[in-house]
Amino acid sequence: MDAETRTLFESRLLSLAKARAREGRLPEATHTGAVKNPFCGDEIAVDVKLSAQGAVVDLGYEAKACSLCVASAELLSDWIDQVYSQAQSQEGGSPAPLQPEDLHALAQAIDDVLKGGNAPAPDGFEALVSVAPFRARHKCVTLPFDAAIKALEDKQT
Amino acid sequence: MDAETRTLFESRLLSLAKARAREGRLPEATHTGAVKNPFCGDEIAVDVKLSAQGAVVDLGYEAKACSLCVASAELLSDWIDQVYSQAQSQEGGSPAPLQPEDLHALAQAIDDVLKGGNAPAPDGFEALVSVAPFRARHKCVTLPFDAAIKALEDKQT
Amino acid sequence: MGYDVAAIRAQFPTLERKIYGNKPLIFLDSAASAQKPRAVTAAMTDFMDTTYSNVHRGIHALSQEATDAFEAVRGKVAGFMNADEREVVFTKNTTEGINLVAQSWGRKNLSPGDEILVTELEHHANIVPWQLIAEATGAKVRAVAVLDDGALDMDDFHAKLGPSTKMVAVAYVSNVLGTVLPVEDIIKAAHAQGALVLLDASQAVTHRRVDVKALDVDFLVWTGHKLYGPTGIGVLFGKYDLLDAMPPFLGGGDMIDTVSFQGTTFREPPYRFEAGTPAIVETIGLGAAIDWVETVGIEAIAAHEADLLDYAMDQLAAANDVTVFGTTPTKVSVLAFLLGDHHAHDVGTILDRTGVALRVGQHCAEPLHTRLGVHSTVRASFAAYNSRADVDGLLDGLSVCRELLG
Amino acid sequence: MGYDVAAIRAQFPTLERKIYGNKPLIFLDSAASAQKPRAVTAAMTDFMDTTYSNVHRGIHALSQEATDAFEAVRGKVAGFMNADEREVVFTKNTTEGINLVAQSWGRKNLSPGDEILVTELEHHANIVPWQLIAEATGAKVRAVAVLDDGALDMDDFHAKLGPSTKMVAVAYVSNVLGTVLPVEDIIKAAHAQGALVLLDASQAVTHRRVDVKALDVDFLVWTGHKLYGPTGIGVLFGKYDLLDAMPPFLGGGDMIDTVSFQGTTFREPPYRFEAGTPAIVETIGLGAAIDWVETVGIEAIAAHEADLLDYAMDQLAAANDVTVFGTTPTKVSVLAFLLGDHHAHDVGTILDRTGVALRVGQHCAEPLHTRLGVHSTVRASFAAYNSRADVDGLLDGLSVCRELLG
Ligand SMILES: Cc1ncc(COP(=O)(O)O)c(C=O)c1O
Ligand SMILES: Cc1ncc(COP(=O)(O)O)c(C=O)c1O
């Protein structure tokens, strides 16, 4: 097998996808976004619970999707969690509100990485570099981002 | 110019078409059939007046059509006239009734001539032999026959 | 003389492709669309280089030649499925053919309370057009159940078929399971209830002889690109009297009798349903594809494919981690499966890198996947040009999948 | 550097044809359909020989390559007419494009009392679809008059345009008269009344640069086979928001979001309107045709054709027995005429035998011929590959007609 494929399937993406550690719907979500990849039928729904101040209280997702999509959702959950809730509240300040623009920027950065740009992967998303040579799979990776953006752009549920 | 084309356009068809001697609608037609060649838009209507016994009392046509179609209508009028009205009545017998089958048979014979079969042209239709090499014009010649058959198959008007 | 697969492969230039550097292509995606033999591409190019002209419209020599060649294919298509020429309507693909019937026949003949019977295993092309016309007319679409082995549930069919059923629209062969449906029984039962039957023969004409007269089917549709022919051309068969009673579908040139602002009248079938400049070159290509298939022999192709299917099924059965969907005895060489609990996409990605081209996902049959309780499947399909070596290549590829996916 | 018509002709194999034994072909029927340069046939064959696969559906290398090539043409088409990619819907021809808008937009937006404004000079493809949808919805089709010289009667247009007008569907260029309509004025006036405008640009894209943004047109349709491209492929441009508000036209694969018997949802434009396997190879060919046209330069082609038209018009004017239809200053190289009072068919038959291929009849524009008070016309049309020698051939042919027809 070629090196690219080996790298992809030996990356932590596969184990992330197997563990599905963060999967689960939020019964008390304030925002929800579901998207589908019509080419393969893969689907993912992302739930977010924001506080009145816009801070992330909780988030979850549910996916009928391939390993790359699930892994990407896991990485995204991690990131949101780290950056917008726990990290900030540990320092005692009030948690930063999560804005659609933040996700747009992140999605753009991920897209650049996939398209093989020279920019380094955003912190925490290094594993996605291995998907770059697999053009037909890029959409698998970006699907959770689309769902999350859709969730935030949605009015409160 | 090639011989085929010369023969066609020097045949009596062109002068028949110019004269249009028999053109005219029948106000008292018992049967009427109109057809159109959708490829070029040419149209012809054939009127027939039959006696109660089915003998041809009168016939006419009106055509917005090319010279070959008009010439063919002229020849057809002539033929019906000769065979079914005047000719028979001159011999003192009662005129033979004109049946759709007679026209079908005639149309078939003309078709054979056009398609280049070896059968000789029916009496009176010899000039149509010159149309045979012009496949795209066959329909022009058969259009009046289609109209006449349609007229006879029509119920009384 | 045996089936000379090497000689057949040599007629398909694409099969010489190397991918990912130096991997020979193992093309197992013919159910999505087949490769084209040189005879087809050459017929199209020759026609464009020597005879091209619009058809049905000119009196000049080229237009006459082009029209003759075009209409000769109608005769060839009619012969291929034992129809009359005037029952052959050229469409752009299967999808357009089904929409044509749904819209033209349906708008005239469907009313609230009427039912259209489809099955759970249909391609979306044989579901969505009926849903659209049902919504427009108040009719209802009902779906016959599929059994676990991929067979149609004939009890459910008979239970759902009734006096309200106006149309039974079913696949002749499933594009996922390969199941050949008992269409003779379906047609007889439907006719006994006064319902018409449309067969989606997209995956049937490629694997067996189809005879519309013997079937006594009312409408039958298929698509050129799966029969080794060009894209952009499909076929709708309809019994003449049915076609003749149907209003036009699309309006435009060639399908009219006379046009005026007082009122427009329409031509007889099949022309009434062929508005505008047809896919002339593609029709010529379709004629060449039929010639090609008939030269090899559809029965010979079917026998060869059946051998490949048996071989593949045996090998996959030997591997304990492969689940095959569609295991009826009447099955053509379309083979959907899953490897362990791995997502089809991951399997497909790895197979692709080993040179094996096949399709993963729902294959435009989402309701069937819902029924099967799986999200997606891997589908290998075998055509005239596939060999046992291709099957071996698939199995080797699956070994790599096991290694990488754990 | 001048326009090297010999070099251009050399790229069209059909132009080397001899007919009726040894007569060189003088092809003056490009308005019906244009001949294909080698670049187009080669692009199609190369694609079928190396890259062919169904699109949008596979993850394997070939499918990805085919999809990329296919979608790249969408970008090329968008660039060609200054649209956005997602505003480009692939159809099978102009006729389907107009029917798509009539059915999809029309069924949603037309009600009794509404009016659709067309003109007396339209091709049937821009009349019949509106008549069909008018009949279905209770709307009314009205036709703007044409003046004796072939210009649109703008007074009549303004008189008929009003608050009831919901759609103005007009030809950009007449396929019989060659008249270029004042589409900028038409669009402004229509928008001022709240009506949408569809331009039938079938005969426009071949003769001039078309810019949908500069025009601010709502829908614009054309067909590949007249632009030196393949049959079976056409283009519908629609402003994105209009497309986005339209229900689907045909249902099937590729245009859906999710399918179930509980309810199906549809994708965004342009995919919502592209059901089933598209004309993949033909789309690739269309891309090659656009490249070919842009390499020669649409403006250079237009200038060359204008020169041929002037030359032909002068020669025909010198002959006192020729009546030309369409004599406005804004006229492209489409030239309808009659010789004396001879029927167009007789003239066409003789011309054909001299090697001149052109079209006679009503050119799918029966109402226009009714308006002109003639039953049919002879139509010569000049394309990129025609030369002054072709015009001379036409004139020689007319001399033969005079001799034989008296
Ligand atoms: C002005 C015009 N509109 C529409 C059409 C129809 O195009 P198509 O037959 O490719 O649909 C044509 C050509 O036939 C045309 O010239
Ligand atoms: C069973 C079946 N029906 C319909 C279709 C649709 O065919 P097309 O996309 O050519 O319209 C396909 C193939 O895609 C098919 O397999």
Side-chain angles (χ1 to χ4, degrees), chain C residues 13-14 17 19 29 32-33 35-36 41 45 48-50 52-54 57-62 92-96 99 123-125 127-129 131-132 143 223 225 230-232 250-253 256 258-261 264 275-277 279-282 345 348-349 352 357 359-360 364 366-367, chain D residues 13-14 17 19 29 32-33 35-36 41 45 48-50 52-54 57-62 92-96 99 123-125 127-129 131-132 143 223 225 230-232 250-253 256 258-261 264 275-277 279-282 345 348-349 352 357 359-360 364 366-367:
Chain C
T14 313
R17 261 294 296 270
I19 53 172
D29 195 20
S33 200
Q35 296 298 334
K36 319 304 172 203
T41 50
T45 301
M48 286 193 271
D49 281 356
T50 65
Y52 184 76
S53 166
N54 212 327
R57 301 186 175 189
I59 59 161
H60 60 79
L62 237 53
K92 67 176 177 179
N93 52 24
T94 290
T95 303
E96 189 188 26
N99 279 276
H123 188 281
H124 294 163
I127 299 175
V128 186
Q131 291 182 322
L132 292 176
T223 196
H225 66 92
T231 46
L250 306 185
I256 57 91
T258 181
V259 173
S260 85
F261 293 110
T264 290
T277 301
I280 303 168
V281 178
E282 293 64 38
H345 262 192
T349 296
D352 173 46
R359 198 168 159 199
V360 298
C364 296
E366 184 172 350
Chain D
T14 313
R17 261 294 295 271
I19 52 172
D29 196 21
S33 199
Q35 296 298 333
K36 319 303 174 203
T41 50
T45 302
M48 286 192 272
D49 281 355
T50 63
Y52 183 76
S53 165
N54 212 328
R57 300 186 178 189
I59 60 160
H60 59 79
L62 238 52
K92 68 175 175 179
N93 52 24
T94 290
T95 303
E96 189 188 27
N99 279 276
H123 189 281
H124 295 163
I127 298 175
V128 186
Q131 292 182 321
L132 293 175
T223 197
H225 65 92
T231 46
L250 307 184
I256 56 90
T258 181
V259 173
S260 85
F261 293 111
T264 291
T277 302
I280 303 168
V281 178
E282 294 63 37
H345 263 192
T349 297
D352 173 45
R359 197 166 161 202
V360 299
C364 296
E366 185 172 350

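The figures that follow rest on heavy atoms only: side chains count, while hydrogens, waters and symmetry mates do not. Below, chain A is the first sequence line, B the second, and so on; all start at residue 1.
- Per-residue counts of heavy-atom pairs under 4.5 Å with chain C were compared for H345(D), E96(D), H123(D); the largest is that of E96(D).
- In terms of heavy-atom pairs under 4.5 Å with chain C, the best-connected choice from I127(D), T231(D), T94(D) is T231(D).
- Residue G251(C) comes nearest to P129(D) through the heavy atom pair O-CG, 3.4 Å, listed as atom of the first residue, atom of the second, then distance.
- At distances below 3.5 Å, at least one donor-acceptor pair connects side-chain atoms of T14(D) with backbone N or O atoms of D49(C).
- For L62(C), the part lying near chain D is the side chain, with the backbone staying farther off; criterion is any non-hydrogen pair under 4.5 Å.
- Of the listed residues (T45(C), D352(C), I19(C)), the one with the most heavy-atom contacts under 4.5 Å to chain D is D352(C).
- Within the 3.5 Å criterion, the main-chain N or O of S33(D) finds no donor-acceptor partner in the side chain of N54(C).
- Interface remark: T223(C) contributes no atoms to any contact with chain D (heavy atom separation under 4.5 Å).
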Apply side chain to side chain contact (heavy atoms under 4.5 Å, CB included) to the pair T349(C) and I59(D), showing each step before the final yes or no.
-> CA-CA 7 Å; T349(C) 296; I59(D) 60 160; 3.6 Å; yes
Passes side chain to side chain contact (heavy atoms under 4.5 Å, CB included), L250(D) versus K92(C)? Steps please.
-> CA-CA 12 Å; L250(D) 307 184; K92(C) 67 176 177 179; 4.3 Å; yes
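- Your options are N93(D), T277(D), L132(D), V281(D), and the one with the most heavy-atom pairs under 4.5 Å with chain C is T277(D).
- Atom-to-atom distance recorded for Q131(C):CD and I256(D):CD1 is 10.5 Å, nearest 0.5 angstrom.
- When all heavy atoms of M48(C) and Q35(D) are compared, the closest pair comes out as O-OE1, 4.2 Å.
- For the residue pair E366(D)/S260(C), the side-chain donor-acceptor check at 3.5 Å is not satisfied.
- Summarising the geometry, atom OG1 belonging to T258(D) is positioned 7.5 Å from atom NE2 belonging to H124(C); distances are rounded to the nearest 0.5 Å.
- Nearest approach of E282(D) to G232(C), heavy atoms of both residues: OE1-N, 4.2 Å.
- Between chain C and the options N99(D), T41(D), T50(D), D29(D), heavy-atom pairs under 4.5 Å are most frequent for N99(D).
- The CZ atom of R17(D) sits 15.0 Å away from atom OH of Y52(C), with the distance rounded to the nearest 0.5 Å.
- Chain C forms more heavy-atom pairs under 4.5 Å with one residue of A61(D), A275(D), G58(D) than with any other, namely A61(D).
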